[in-house]
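This report refers to the structure that appears directly beneath it.
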Amino acid sequence: MLNLIPVFTSTLAIIFRMEKLKSRSKSSQAKSLGTIVSIAGAFVVTFYKGPPIVRPRLDIASLDQIQPLQSNWILGGFYLAAQAILISAWYILQAITLKEFPALIVMLCYQYFFSTILAAMFSLTVVTELSAWKLRLDVGLFAIAYSAVIGAAFLTTLLLWCLMRAGPLYVSMFKPLAILFSTVMGVIIFGDGLFLGSLVGAVIIVIGFYVVIWGKAKEENTIDDCGTWSSELSSEKVPLLQNSTEDTKCCPSV
């Protein structure tokens, strides 16, 4: 369900007029097609296994003996869909805020401050045992430090910077790539198997990702060229009607 974050983000960006969708524009066609292809690749990795290319180091038969926990697929699917929609809405909200108030450091301070308060309230409510709050020099302490520095501070700073520079659609396109990275890390670190479905899906994800990047770059180059051409025309003494006509000619649908 999280693979649909680019779709939700693209839809909200069009609704809030942060992205332009033109049926005859090559850049819009490339962004739409690349988003669909990348999502299709993520679903291939998720649902299609195929024959093994690299066999897992852990015996698969031992995994079948593990009793699965009871799960509610309907409730879980609802929660995942809500999470995907909220993440997309968060991208849009942050992009709008950064456009009106481009102070990245101030936004980070406010976000970290209120996130700390909410996390402390939730933790004190859920974890009531005092022994659980003791820090020990073990893997748990390393996990806490890693999640704080990399998972929170570095990730949020990079995310907001990318939202300010490239927009929400560009940021959301990295969500399907997370499946590719997790598959590779699982093979390298945990000895998971590499199957044909993972390889095919990874190729599809990369193709869709680069198609979106190409469409985004083409759109930005066209806007820059039109802006340069308009500034050159405005510096010359030409009639207003002729200036408007030239601007229309130089900025066709791309």
Side-chain angles (χ1 to χ4, degrees), residues 2-36 38-39 81-119 150-178 208-234 244 247-248 250-254:
L2 296 181
N3 302 331
L4 298 178
I5 290 178
V7 176
F8 295 144
T9 305
S10 178
T11 303
L12 292 176
I14 294 173
I15 293 175
F16 288 95
R17 298 181 179 180
M18 302 181 68
E19 294 285 342
K20 296 180 179 179
L21 182 62
K22 300 179 182 179
S23 59
R24 297 182 179 180
S25 173
K26 293 182 180 179
S27 59
S28 297
Q29 293 174 358
K31 289 189 294 184
S32 301
L33 180 62
T35 302
I36 296 173
S38 182
I39 293 171
Q83 181 185 6
I85 296 175
L86 290 176
I87 291 176
S88 302
W90 187 83
Y91 287 161
I92 300 298
L93 179 62
Q94 294 294 325
I96 294 175
T97 306
L98 287 170
K99 184 178 180 180
E100 299 295 332
F101 185 70
L104 184 60
I105 304 299
V106 177
M107 282 193 61
L108 287 172
C109 291
Y110 275 107
Q111 183 170 343
Y112 291 150
F113 176 73
F114 288 106
S115 297
T116 303
I117 295 176
L118 292 175
I150 304 298
F154 178 76
L155 179 62
T156 306
T157 305
L158 182 62
L159 184 64
L160 290 179
W161 182 80
C162 291
L163 282 172
M164 185 172 56
R165 295 294 300 271
L169 180 60
Y170 178 83
V171 175
S172 66
M173 283 305 302
F174 284 88
K175 282 295 181 180
L177 286 177
F209 178 77
Y210 277 105
V211 170
V212 173
I213 297 303
W214 179 84
K216 191 72 175 177
K218 186 174 181 61
E219 183 182 41
E220 292 179 355
N221 291 335
T222 304
I223 294 175
D224 293 339
D225 293 340
C226 291
T228 304
W229 181 261
S230 299
S231 61
E232 291 178 356
L233 287 177
S234 61
S244 177
D247 288 343
T248 304
C250 86
C251 296
S253 297
V254 293

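The first residue of the sequence shown is numbered 1, and numbering continues consecutively from there. Everything numeric in this text was worked out from a predicted model, so none of it was measured. The basis for the numbers below is simple: all heavy atoms, side chains too, and nothing from hydrogens, waters or symmetry mates.
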| Can you tell me if Tyr170 uses its side chain to pair, donor with acceptor, with the backbone of Cys162 under 3.5 Å? | no
| task | In sequence, state the C-alpha distance, the side-chain angles, and the governing distance for Ile87 and Phe8, and then conclude on side-chain contact (heavy atoms from CB on, under 4.5 Å). | result | CA-CA 9 Å; Ile87 291 176; Phe8 295 144; over 6 Å; no
| field | Rounded distance (nearest 0.5 Å) linking atom OG1 of Thr9 with atom CE of Met18 | value | 10.5 Å
| request: Return yes if some donor-acceptor pair links the side-chain N/O of Ser32 with the main-chain N/O of Ser28 below 3.5 Å, else return no. | output: yes
| query | Hey, what do you get for CG (Leu104) to CD (Gln111), rounding to the nearest 0.5 Å? | reply | 10.0 Å
| Taking it one step at a time, do Lys99 and Met164 satisfy side-chain contact (heavy atoms from CB on, under 4.5 Å)? | CA-CA 7 Å; Lys99 184 178 180 180; Met164 185 172 56; over 6 Å; no
| task | Specify whether Tyr110 and Phe114 have parallel, tilted or perpendicular ring planes, treating 30° as the upper limit for parallel and 60° as the lower limit for perpendicular. | result | parallel
| message | If you apply the rule side-chain contact (heavy atoms from CB on, under 4.5 Å), what do you find for Leu155 with Ile150, and how did you get there? | response | CA-CA 6 Å; Leu155 179 62; Ile150 304 298; over 6 Å; no
| task | Would you name the heavy atoms of Thr97 and Leu93 that are closest together and state the gap between them? | result | OG1-O, 2.7 Å
| task | First locate atom OG of Ser10, then atom CD1 of Ile36, and finally report the distance between them rounded to the nearest 0.5 Å. | result | 9.0 Å
| query | Can you name the nearest heavy-atom pair linking Ala13 to Pro168, along with the distance? | reply | CB-CG, 4.5 Å
| query | Using the ring of each side chain (for Trp, its six-membered ring), is Phe174 parallel, tilted or perpendicular to Phe209, with breaks at 30° and 60°? | reply | perpendicular
| request: Would you please test Tyr112 and Thr157 for side-chain contact (heavy atoms from CB on, under 4.5 Å) and show each step? | output: CA-CA 11 Å; Tyr112 291 150; Thr157 305; 3.4 Å; yes
| Between atom CH2 of Trp161 and atom CG of Leu108, what is the distance when rounded to the nearest 0.5 Å? | 13.5 Å
| field | Which atom of Thr35 lies closest to which atom of Pro6, heavy atoms considered | value | CG2-CB, 3.8 Å
| field | Straight-line distance of Leu12 CG to Tyr91 OH, nearest 0.5 Å | value | 12.5 Å
| task | Mind checking the CD1-CD1 spacing from Ile92 to Ile15? Nearest 0.5 Å is all I need. | result | 9.0 Å
| query | Is the backbone N or O of Leu169 less than 3.5 Å from a side-chain atom of Ser172, with the two atoms forming a donor-acceptor pair by type? | reply | yes
